[in-house]
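Keep in mind the model is a prediction, meaning the values are calculated, not measured.
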Amino acid sequence: MSEPEGLGSQAEQALERAESLLARLEAARQRLETTEDVEAATKVLSELAEIARQIEAELAEAPRRAEEDAREEP
């Protein structure tokens, strides 16, 4: 079974999502560094924690997806 052109493997898609989350993580970190407001800093820290959990979930799924991709290849 072939994949639609440009879609990529499941593992590649997971890596792309993780990279996107990493970019969000970096942007939030930069906001944290520039804020002096305690309430705003607390919100950014919560956002950082949530993004980190999402990255962890994506990376945990990557090996399973890679195995699925390997089974689907001829």
Side-chain angles (χ1 to χ4, degrees):
M1 181 175 158
S2 68
E3 298 173 40
E5 189 170 314
L7 188 56
S9 71
Q10 290 183 46
E12 289 169 340
Q13 292 172 2
L15 182 56
E16 288 174 7
R17 287 189 297 271
E19 288 172 345
S20 174
L21 288 166
L22 185 57
R24 286 180 48 209
L25 185 76
E26 179 61 21
R29 184 194 62 78
Q30 289 175 354
R31 284 195 319 272
L32 180 62
E33 287 182 353
T34 60
T35 189
E36 294 182 16
D37 178 27
V38 174
E39 189 173 320
T42 301
K43 287 182 179 183
V44 174
L45 285 171
S46 294
E47 181 182 352
L48 284 167
E50 178 57 32
I51 294 169
R53 281 189 291 274
Q54 292 173 2
I55 290 171
E56 183 178 22
E58 287 294 337
L59 293 176
E61 279 292 309
R64 182 190 62 78
R65 290 181 177 135
E67 287 179 20
E68 286 179 8
D69 288 344
R71 284 193 297 255
E72 290 176 2
E73 289 183 12

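Going from atom CZ of Arg17 over to atom CD of Glu61 covers 9.0 Å, rounded to the nearest 0.5 Å.
For residues 42-53, the set of pairs meeting the side chain to side chain donor-acceptor pair (under 3.5 Å) definition, not counting sequence neighbours, comprises Arg31-Glu47, Glu50-Arg53, Glu50-Gln54.
Closest of all the heavy-atom pairs between Ala28 and Leu48 is CB-CD2, 3.6 Å.
By the side-chain contact (heavy atoms from CB on, under 4.5 Å) test, Ala41 pairs with Leu32, Thr35, sequence neighbours left out. Residues satisfying the side-chain contact (heavy atoms from CB on, under 4.5 Å) criterion with Glu26, sequence neighbours excluded, are Arg29, Gln30.
With contacts defined as side-chain heavy-atom distances shorter than 4.5 Å, the pair Leu25/Leu21 does not qualify.
Within a 6.0 Å radius of CD in Glu33, more than 12 heavy atoms belonging to other residues, nucleotides or ligands are found.
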